[in-house]
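Chain naming here is simple, since letters A, B, ... match the order of the sequence lines and numbering starts at 1 in each.
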Amino acid sequence: MIAQLTRNERHNALIILGVVGLAGAALGLAGRNDLLGYHGLLIVLFSAMVALPVIRALDAPEPTLDREDEYYDDPIRVGVILTMIWAVFGMFVGVWVAALLAWPELTFTDQAWASFGRLRPAHTTGVIFGFGGNALIATSFHVLQRTSRARLAGQVTPWFVLIGYNLFCLLAVTGYFLGITQSKEYAEPEWYADLWLVIVWVTYFVLYLRTLARRKEPHIYVANWYFLAFIVVVAILHIVNGLAVPISWGSAKSYTIYSGVQDAMTQWWYGHNAVAFFLTAGFLGMLYYYLPKRAERPIFSYRLSIISFWGITFMYMWAGSHHLHYTALPHWVQTLGMTFSVMLLVPSWASAGNALLTLNGAWHKVRDDATLRFMMIAAVFYGITTFEGSFLAIRAVNSLSHYTDWTIGHVHAGALGWVAMITFGSIYTFVPSLWGRERMYSNTLVEVHFWCALIGTLIYVFAMWNSGIIQGLMWRTYNDSGTLTYSFLESLVAMHPYYIARTLGGLLFFIGAVVGTYNIYMTIRGTTAPRAAAGDVPVGRPLAPGE
Amino acid sequence: MPEFHRKLERSSIGFVLAIVGVASIGGLVEIAPLFTIDETVETVEDMRVYTPLELAGRNIYVREGCYACHSQMIRTLRDEVERYGPYSLAVESQYDYPMLWGSKRTGPDLARVGGKYSDEWHVAHLINPRDVVPESNMPGYGWLARNQLRTDDLSHHLAAMQTLGVPYTDEMVANAPRDAFAQAFPDSAMADAMVERYGAATNVRAFAGDRNTLTEMDALVAYLQILGRLTDAAHEQASAEVE
Ligand code: HEM
């Protein structure tokens, strides 16, 4: 991998790592009497660990082949491996958290780090940013190069984006265990981690644009629209929602600049659009590339693609206030949020429909090929979840569902059924070619993974639908004398069997992910036949300006 | 439309600008007015700020992720008002940086839990909820009673909030560590000055029982006991609506 870099580039990488390490040391010193000190130390160690292989290979021979004749796949390979590591970690914590709700004593220790309130954000960050984020970075690099027929613009930059991003995830998750959090959902990391993410993200954005500028196709392919929207809008959301005043440069603690109702609106504008642009747009980018590719069919309708893309980009940004129905948020904002949420069904189903219609004529492949089936089921769950989302955004429905497990069921229909399934389908599609293999190590194991994932998701989602609706109804049931029938505790006790069922469903899903990781590992180790590297290279050199 | 779009697709910068433009509208229309329109937050006379001890307790609530299971937002629905008390007003979280309205009720809403139980109940409940409520699935927080509360940086905390517009006086900022201590030690010499700064209605007592040190438990219980009691506005509005 390092052999792909010239000596100069290796030096540059070391300089960057040195600067990051120094910044870590400075943080550590300033925060030596604070939790911040641990994170300073972590940054120093992290930089040193990444620097080690670079130093070792500093004098290795330089690349001899013309690199422009090949796609730059090393960062993607590492990205895929990181994706699977985070998947296993994040889902393991998910199962643990689920088990804690059924058996609260399962912490094994009386230590603070293992308590529910600290583990839960470790789960959400681990799966969304660790698993989802790495998958997005890896696939976006892959799709961008193939659809532009150009190599990534930069040798060290892609590494900076990938590794820098993982440093952010690491700071986030270790922070929760230590007790460092802003408590803003999906934006919990503190000010210094947030600042670091801004640097990484802007680099990502510039890399994307510079690579697009080298493309040999006049048009930007649909998948890239979504990846672009993902990168751009997440930057806006992150910066606006993350504005905060640190209490001192030597402290991990900061106060967000928003309070009360303004904070609630900003937070859910962020939170909902993190779902829209992180967990939807980016993954639609995957869908629009890998599904047609695997099915060997063109996208059903270009027109539908346009409608759904701009519909999603425009309307999602209005929808966040549906998280705040019947609260102290002004009524007109709630109504706007509800209206746009319902209208969102149109572009969402346009995408889901477009994907499913693309499969027309390839249904026999869906039957035989678990990889394609992963993506088909993902499109179905995308359709179900967006329908459910529009439904839950209606005030009257929301009055029942809000605060209950129904929301959790909805989230995981999307998270397991859509996000995770499309990711696994995409990864299985390109892992063999990425490592120069004919196919995955075992197609049977892909089948096993598929069924674990599907059954696990169904158990999880049905359990939460049941518990959520029961909970919501119990909270609002009146008896004949006009008083509330059930105490809160009675509703809690009624949840117990569903919490057990959910843990089992989640466990199954987790086992599937472990099987997938093993399968990918064995594919990389390479016991299957290597395949002839046919045609997966950029065509010709990029045009020089003015050419 | 496809023709126009075909052109747009040829320019990455144009495409990015279009995304930024299209995506910005919703947020601008919905969020910007909240900072300017007066009606967003009610003005009430008696709204008070958190004392340093309560603020420290609030930060422990944040650190431990209590918000993952507890909301602090009673909605304007009959059953919620009957179960938890008058619905929450915007002004009640005016000084909440960040707000802790929450999104999931694994446990009950806590917006009005202040004064509902004794300090002893809270301490016992937080150390092991199942000692008090056998069916509970809330975690135990034994370490709160063991950890000494960090007070040396409380002035920084208040100063940061002062920058953001919370009406802390310079005197409050300067005395924050002392005031935190004083609130849990009613007999100490500093208690009077603390009450003078924060008002006679402030709870001053040994929240986590009599001890020589100030623990995180003191702070968290002080915070829980003030929830819903920073202003009477919600109760006043509720009785006005009944009449
Ligand atoms: C092994 C599979 C998984 C299990 C067992 C699991 C379990 C859980 C549990 C127990 C919670 C807390 C629910 C509560 O507080 O009542 C949760 C929350 C959450 N999980 Fe998962 N999860 C899994 C996979 C995923 C994946 C793959 C994603 C996203 C890509 C995800 C995203 C989330 C989100 C966003 C929340 C917060 C929901 C909210 O606050 O409304 N989960 N999960």
If you count heavy-atom pairs under 4.5 Å between each of B:Ser11, B:Ser71, B:Ser155, B:Ser24 and chain A, which one has the most? B:Ser71

Report yes or no: is the cationic atom of B:Arg83 (NZ for Lys, CZ for Arg) closer than 6.0 Å to the six-membered ring centre of A:Phe488, at no more than 45° off its axis? no

Could you check whether B:Tyr117 and B:His125, counting side-chain N and O atoms only, form a donor-acceptor pair closer than 3.5 Å? no

Considering non-hydrogen atoms only, spot the tightest contact between A:Leu329 and B:Trp101 and give its length. N-CH2, 4.4 Å

Would you check if there is a donor-acceptor pair between the side chains of B:Asp109 and A:Tyr403 at a distance under 3.5 Å? no

Quick one: of B:Ile60, B:Val133, B:Asn59, B:Ile13, who has the most non-hydrogen atom pairs under 4.5 Å with chain A? B:Asn59

When B:Met138, B:Arg150, B:Glu80 are compared by non-hydrogen pairs under 4.5 Å with chain A, the top option: B:Arg150

Ranked by heavy-atom pairs below 4.5 Å to chain A, first place among B:Glu92, B:Glu82, B:Gln94 goes to B:Glu82

When only pairs under 4.5 Å are counted, which of B:Ser12, B:Ala160, B:Ser103 shares the most heavy-atom pairs with chain A? B:Ser103

Would you mind checking which part of A:Thr407 comes under 4.5 Å of any heavy atom in chain B, side chain (CB onward), backbone (N, CA, C, O), both or neither? neither

Between B:Val29, B:Val20, B:Thr163, which residue shows the highest count of heavy-atom pairs closer than 4.5 Å to chain A? B:Val29

How long is the span from the CH2 atom in A:Trp310 to the OG atom in A:Ser305, to the nearest 0.5 Å? 13.0 Å

